[in-house]
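Encoded as structure tokens, the structure appears first; notes follow it.
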Protein chains: 2
Amino acid sequence: MLENGLKRITSIKEIAKLAGYSIATVSYTLNDKGRIRAEVRQKILDICQKHGYMPNSAGRNLRRKRNETIGLMFYPSSAAIFRNVYYAQIMEALEFELEHAGYDLLLSGHDSSLEHSVSPRFLRQGKVDGIILLGRFPRKRVIALKDYGVPIIQLDGFREFLNVDYVTSDGYSATEQIVDHLVKLEHRRIVFVAYNHEDTNANQREAGFLAAVGKHNLSNSECRNIRDIGNSVEAYELIKYLLESESPPTAIIAVNDTLAVELVQLLQDDGYSVPADVSVFGYNDDADSQKSNPQISTVRIDKTKLAQIGAKMIIDRIENSEITHQKASLLAELIHRDSVAVAKS
Amino acid sequence: MLENGLKRITSIKEIAKLAGYSIATVSYTLNDKGRIRAEVRQKILDICQKHGYMPNSAGRNLRRKRNETIGLMFYPSSAAIFRNVYYAQIMEALEFELEHAGYDLLLSGHDSSLEHSVSPRFLRQGKVDGIILLGRFPRKRVIALKDYGVPIIQLDGFREFLNVDYVTSDGYSATEQIVDHLVKLEHRRIVFVAYNHEDTNANQREAGFLAAVGKHNLSNSECRNIRDIGNSVEAYELIKYLLESESPPTAIIAVNDTLAVELVQLLQDDGYSVPADVSVFGYNDDADSQKSNPQISTVRIDKTKLAQIGAKMIIDRIENSEITHQKASLLAELIHRDSVAVAKS
DNA sequence: CTGAAAGCGCTTACAG
DNA sequence: CTGAAAGCGCTTACAG
């Protein structure tokens with residue numbers, strides 16, 4: 001029941017009957033199409049309003065062959081995403097953009113990391129017009145998903161040569177900038193640390209690191225790229241070994257702020273001082289990099305922009321499948337805070 | 001194109017033609033209804049499989065008058081939720097339950113705190129069968145939402161006398177337990193602190209506090225319930241004033257772990273020792289309560305169970321609107337850690 | 001400017 | 001055990 005005690009009307013047919021016009025006229029009015037007399041239009045609108053009429057999306061979607069819905073998938077799983085502060089801002093902006101463009105966002109509780117996992121329900125049921133892949137989806141999964149024929153894009157992750165649109169951040173140039181900056185502060189023994197899982201963003205950052213090491217003629221044996229650690233404790237064990245060696249590193253570049261924050265904690269627990277003994281750089285400008293003591297120097301990725309571009313990409317792809325392959329790599333900005341200082345001599 | 005080079009089939013009609021049976025038979029097969037000969041059944045299933053057929057949800061939903069979709073709304077806004085660790089686990093469990101029950105989860109980017117906000121798109125478009133309200137929705141908003149006629153429930157929030165199902169945690173008894181415990185540790189001057197915004201969960205906790213103060217014959221003038229602070233700094237200013245008074249509180253109960261953690265930080269920055277000078281209790285068992293130093297004693301709310309019950313409630317309500325009003329209040333468990341000690345004498 | 005009608009893909013009572 | 005047919009609520013070319 002509505003406020004005015006009237007029964008809620010759920011179909012265009014009833015509205016048409018009440019107004020004394022055809023369902024076509026009602027439909028045109030509701031969609032601002034065709035040329036309906038202003039007077040008729042107003043009458044119909046009034047009736048809809050009065051009876052709390054809401055168009056039925058199943059009816060419209062069946063006819064239009066659209067869902068006005070975009071599916072969101074996470075890798076490795078949605079559990080991982082919700083716990084990850086990095087994604088909060090992205091989700092937020094994504095929702096905003098999509099809602100304004102007339103799309104709803106459908107979530108998948110699907111665990112994409114399971115080897116034999118079937119595809120998410122919403123895909124099997126054809127409930128979405130497009131899919132946004134958030135995270136470091138493996139190539140194989142992207143291909144499998146692409147084969148459904150539903151438009152997909154990758155957000156904050158990418159796979160080349162798949163003709164799948166993507167938007168990510170330019171970790172290569174970001175790392176070059178970090179090394180440039182560290183070298184200016186007289187660092188010559190720098191370590192890059194990332195997790196052992198496959199991650200194209202981490203690869204880019206590593207590649208930028210290696211290129212910068214070459215560019216500045218830093219010693220290959222003194223600059224390490226550690227890529228086989230499973231967690232911060234493992235990372236710290238290796239770093240500790242290096243710190244106790246004859247030519248200890250003076251700076252550490254951690255693949256993200258979470259790792260950076262944890263390393264700083266472990267270093268401090270062990271009696272090292274940051275940045276006096278060793279400088280630490282992170283990536284992402286997550287909230288915890290600022291809460292850490294000292295505050296961590298990091299790379300700011302404009303997450304809102306990332307989401308905006310992603311939203312635009314998937315919508316473009318849905319509404320115009322002819323457009324050519326799109327990819328974007330956002331330039332990142334260095335944020336200088338207190339975890340970096342001139343190299344210990 | 002599928003792997004086998006065949007065109008993907010998108011309707012039951014084409015499958016029927018290929019199989020040489022009617023669409024009714026295909027439909028019955030797909031839905032495991034009616035009595036279809038095993039042989040025919042297998043043939044149809046094979047064809048579907050081969051051509052990657054997926055049923056069209058708009059068609060089915062139009063016919064069934066269902067959406068198989070549940071909308072999720074947040075208060076004050078989705079932005080607030082994504083940044084709130086407390087909700088990560090709830091979202092996760094909710095998704096899991098709903099997906100298994102055959103429902104998809106539709107997200108709303110809607111900002112419910114805006115006074116003149118329209119309802120979310122998915123509601124206006126009739127895209128959801130039910131709505132889960134997460135957070136402390138004001139009574140007025142709950143009523144407005146309820147008037148759409150779509151089943152709703154409140155999760156981790158509640159409004160009485162509205163006949164809206166809800167599941168929340170029993171903050172009343174939790175706080176009683178906290179005070180019982182503190183009294184056992186010889187605390188007699190205890191402060192309860194909560195934010196100034198309207199929040200029925202906070203009200204419950206406060207009520208439990210007041211009841212326990214009465215039960216233990218604690219001094220009303222020495223036990224305060226502070227409910228008018230906007231943030232932790234404001235809270236700390238008041239607490240500091242009390243700590244410097246003649247009969248300073250020996251224990252603080254903060255309405256959630258976030259506030260507790262921030263208060264501990266501010267106390268320490270100011271030279272107070274926790275728990276030597278003052279004990280601190282939180283609620284929720286959020287991740288940060290464990291990361292804090294000292295680790296914060298808190299109240300564990302089984303968020304997974306909260307979500308499970310919530311999922312079951314909304315589904316019950318959707319599938320059987322006749323059921324009577326349901327409400328649940330989860331018993332919480334005290335988690336004893338290092339922020340609480342015997343009262344300073 | 002307005003209406004009659006087809007059809008989107010599905011489910012389901014009914015008939016056989 | 002299987003099929004013909006109605007109808008869910010909508011949009012849209014077409015006719016007038």
Side-chain angles (χ1 to χ4, degrees), chain A residues 7-45 47-48 51-69 102 122 124-129 149-150, chain B residues 7-45 47-48 51-69 102 122 124-129 149-150:
Chain A
K7 204 170 111 272
R8 191 179 290 279
I9 285 186
T10 58
S11 90
I12 224 176
K13 208 163 83 187
E14 293 176 77
I15 297 285
K17 201 194 297 168
L18 246 46
Y21 287 91
S22 73
I23 59 162
T25 300
V26 175
S27 176
Y28 284 130
T29 297
L30 258 22
N31 292 298
D32 266 323
K33 279 187 184 172
R35 298 137 299 259
I36 308 296
R37 235 189 320 148
E39 186 188 324
V40 174
R41 190 187 138 72
Q42 198 51 55
K43 182 172 184 187
I44 289 174
L45 254 22
I47 294 175
C48 289
H51 292 268
Y53 168 73
M54 295 179 291
N56 176 298
S57 66
R60 187 181 51 240
N61 289 338
L62 177 57
R63 173 61 216 231
R64 282 198 188 155
K65 299 200 168 222
R66 303 260 256 90
N67 293 290
E68 296 176 312
T69 302
F122 66 56
R124 295 197 310 277
Q125 312 248 43
K127 291 178 85 165
V128 297
D129 299 322
V150 174
Chain B
K7 202 168 114 273
R8 189 179 291 278
I9 284 185
T10 58
S11 91
I12 224 177
K13 208 164 83 185
E14 293 176 78
I15 298 284
K17 201 195 297 171
L18 246 47
Y21 286 91
S22 73
I23 59 163
T25 301
V26 175
S27 175
Y28 284 131
T29 298
L30 257 23
N31 291 299
D32 266 323
K33 281 187 185 172
R35 297 138 300 258
I36 307 296
R37 237 189 320 151
E39 187 188 325
V40 174
R41 189 186 138 72
Q42 197 51 55
K43 181 173 183 186
I44 289 174
L45 253 23
I47 293 176
C48 288
H51 291 268
Y53 169 74
M54 295 179 291
N56 176 298
S57 66
R60 187 181 52 239
N61 290 337
L62 177 56
R63 174 61 216 228
R64 281 196 187 158
K65 299 200 167 223
R66 303 260 256 89
N67 293 290
E68 297 177 310
T69 302
F122 65 56
R124 296 196 311 276
Q125 311 250 43
K127 291 178 85 166
V128 298
D129 299 323
V150 174

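The figures that follow rest on heavy atoms only: side chains count, while hydrogens, waters and symmetry mates do not. Here is the naming used below: chain letters follow the sequence lines, and residue numbers restart at 1 for every chain.
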Q. Which comes earlier along DNA chain C counting from the 5' end, the contact point of B/Lys33 or that of B/Leu62, where each point is its nearest nucleotide?
A. B/Leu62
Q: Answer with yes or no whether the side chains of B/Asn67 and B/Asn61 bring together a donor and an acceptor at under 3.5 Å.
A: no
Q) Base, sugar-phosphate, or nothing for A/Ser27, non-hydrogen atoms under 4.0 angstrom? A) base
Q. So which one's nearest nucleotide on DNA chain C is more toward 5', B/Met54 or B/Tyr28?
A. B/Met54
Q. Taking OP1 and OP2 of D/dG9, is either one under 4.0 Å from a side-chain nitrogen or oxygen of A/Arg63?
A. no
Q) According to the Watson-Crick and G-U wobble definitions, with both distances under 3.5 Å, which nucleotide is paired to C/dA13? A) none
Q) To the nearest Å, how far apart are B/Ile23 CD1 and D/dG7 C1'? A) 12 Å
Q | Pairing partner of C/dA4 (Watson-Crick or G-U wobble, both distances under 3.5 Å) | A | none
Q. Reckon B/Ser22 has a side-chain N or O less than 4.0 Å from the OP1 or OP2 of D/dT2?
A. no
Q: Kindly say if B/Thr25 contacts the phosphate of D/dG3, meaning a side-chain N or O under 4.0 Å from OP1 or OP2.
A: yes
Q.
Whole angstroms only, please: what is the CZ-C1' distance between A/Arg64 and C/dC8?
A. 13 Å
Q: Using a 4.5 Å cut-off on heavy atoms from C-beta on, say whether the side chain of B/Asn56 contacts that of B/Thr10.
A: no
